[in-house]
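Have a look at the structure below before the remarks.
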Amino acid sequence: MALPLARLCRWGAKRWGAAAGEARRGVSFKLEEKTAHSSLALFKKDTGVKYGLVGLEPTQVALNVERFREWAVVLADTAVTNGRHYWEVTVKRSQQFRIGVADVDMSRDSCIGVDDRSWVFSYAQRKWHTMLANEKAPIEGIGQPEKVGLLLEYEAKKLSLVDVSQVSVIHTLQTDFRGPVVPAFALWDGELLTHSGLEVPEGL
């Protein structure tokens, strides 16, 4: 599903990429309420998201082409088209979630990790997997830390899951970015809290 041209323009120069003088500082973002499925609620100035079994009544949620209709997904409000970017995610009481990046115009009837325009690290049943086009691959050597990092290297077409305590890469996904991408999140219980605008840690 393509977003209207006017909307893509608003994702433009104002939001795309990082300034040249901020080579080490990653993208700073909030979660975009307009994209959030009706089962999700944003909090802490739109940097966190929590899942509600019932959620908001669909009739109480403003209709727009950007909102996810079938899956509990929310996207960030700032797109990336270049550079290296790092952000962290605190996991609170969630046993099933996905974190990664997605094309800004991915289908709002799909879920991140299900189509081939999103690249995801998934946690479910106490195990981590990579996900692309609904294909899973296990990630070994990691439990459920309270906080994990994500390192996006746009030109190198890489997305890495980072062990925050050891400041080391756990696993790297090779991607095929073709345009602007945004941080993307899905969850089916608990809460996720994002921390963006961070410098890329030394050694990564």
Side-chain angles (χ1 to χ4, degrees), residues 1-3 5 7-32 34-35 46-47 49 66 68 73-89 97-108 110-122 128-135 137 139 147-164 166-186 192 194-204:
M1 178 197 69
L3 293 180
L5 178 60
R7 178 55 181 165
L8 282 175
C9 290
R10 290 199 292 274
W11 282 91
K14 177 181 176 183
R15 292 180 169 182
W16 287 1
E22 298 179 345
R24 289 194 58 80
R25 187 168 295 280
V27 62
S28 181
F29 63 83
K30 292 186 177 181
L31 303 178
E32 179 63 84
K34 291 180 180 179
T35 68
D46 294 346
T47 61
V49 57
E66 297 175 56
F68 283 85
V73 176
V74 62
L75 303 181
D77 66 354
T78 306
V80 173
T81 58
N82 60 73
R84 302 177 79 237
H85 303 272
Y86 176 78
W87 61 94
E88 295 177 348
V89 180
F97 59 89
R98 299 175 189 176
I99 54 176
V101 297
D103 281 358
V104 296
D105 60 350
M106 74 167 285
S107 170
R108 279 11 181 204
S110 185
C111 184
I112 58 173
V114 172
D115 66 3
D116 64 352
R117 303 316 311 153
S118 57
W119 300 266
V120 167
F121 297 106
S122 169
W128 284 90
H129 294 82
T130 61
M131 285 193 71
L132 173 62
N134 217 25
E135 294 290 331
I139 302 174
K147 182 184 289 186
V148 294
L150 289 177
L151 175 65
L152 170 62
E153 301 173 272
Y154 191 90
E155 284 81 6
K157 296 187 176 182
K158 293 180 179 180
L159 179 69
S160 298
L161 183 66
V162 175
D163 183 328
V164 173
Q166 300 294 324
V167 194
S168 61
V169 171
I170 300 166
H171 191 90
T172 298
L173 264 173
Q174 194 67 45
T175 72
D176 62 337
F177 302 142
R178 302 171 196 169
V181 295
V182 288
F185 309 87
L192 300 178
T194 66
H195 314 274
S196 65
L198 307 176
E199 291 189 357
V200 177
E202 293 288 344
L204 291 184

What's the shortest heavy-atom distance between [X] and [Y], and which atoms?
X: Val148; Y: Val164; value: C-CG2, 3.5 Å
X: Asn82; Y: His85; value: O-NE2, 2.7 Å
X: Leu150; Y: Gly100; value: CD1-N, 4.0 Å

[X] side, atom [atom1]; [Y] side, atom [atom2] - distance, nearest 0.5 Å:
X: Ile112; Y: Leu75; atom1: CD1; atom2: CG; result: 7.5 Å
X: Met131; Y: Leu173; atom1: CE; atom2: CG; result: 11.0 Å
X: Glu135; Y: His129; atom1: CD; atom2: NE2; result: 11.5 Å
X: Ser160; Y: Gln174; atom1: OG; atom2: CD; result: 9.0 Å
X: Leu132; Y: Ser122; atom1: CG; atom2: OG; result: 12.5 Å

Whether the side chain of Arg98 engages the backbone of Gly113 through a donor-acceptor N/O pair (distance < 3.5 Å, no angle test) should be reported. no
Applying side-chain contact (heavy atoms from CB on, under 4.5 Å), name anything that partners [X], two or more places apart in sequence or on another chain.
X: Phe29; answer: Val27, Leu31, Ala76, Asp77, Thr78, Trp87, Pro183, Phe185, Thr194, Ser196
X: Ala156; answer: Glu153, Lys158
X: Asp163; answer: Ser165, Gln166, Ser168, Ile170

List for me each residue that meets salt bridge (Lys or Arg N to Asp or Glu O under 4.0 Å) alongside Lys147, sequence neighbours excluded, and say none if there are none. Glu88
Listed partners of Asp103 passing salt bridge (Lys or Arg N to Asp or Glu O under 4.0 Å), at least two apart: Arg117
Within the 4.5 Å heavy-atom criterion, are [X] and [Y] side-chain neighbours or not?
X: Thr81; Y: Phe177; answer: no
X: Leu152; Y: Tyr86; answer: no
X: Val73; Y: Thr35; answer: no

Under the rule for side chain to side chain donor-acceptor pair (under 3.5 Å), what residues qualify as partners of Asp116, not counting sequence neighbours? none
Who passes side chain to side chain donor-acceptor pair (under 3.5 Å) against Thr175, sequence neighbours left out? none
Working for side chain to side chain contact (heavy atoms under 4.5 Å, CB included), residues Phe97 and Val89: CA-CA 11 Å; Phe97 59 89; Val89 180; over 6 Å; no
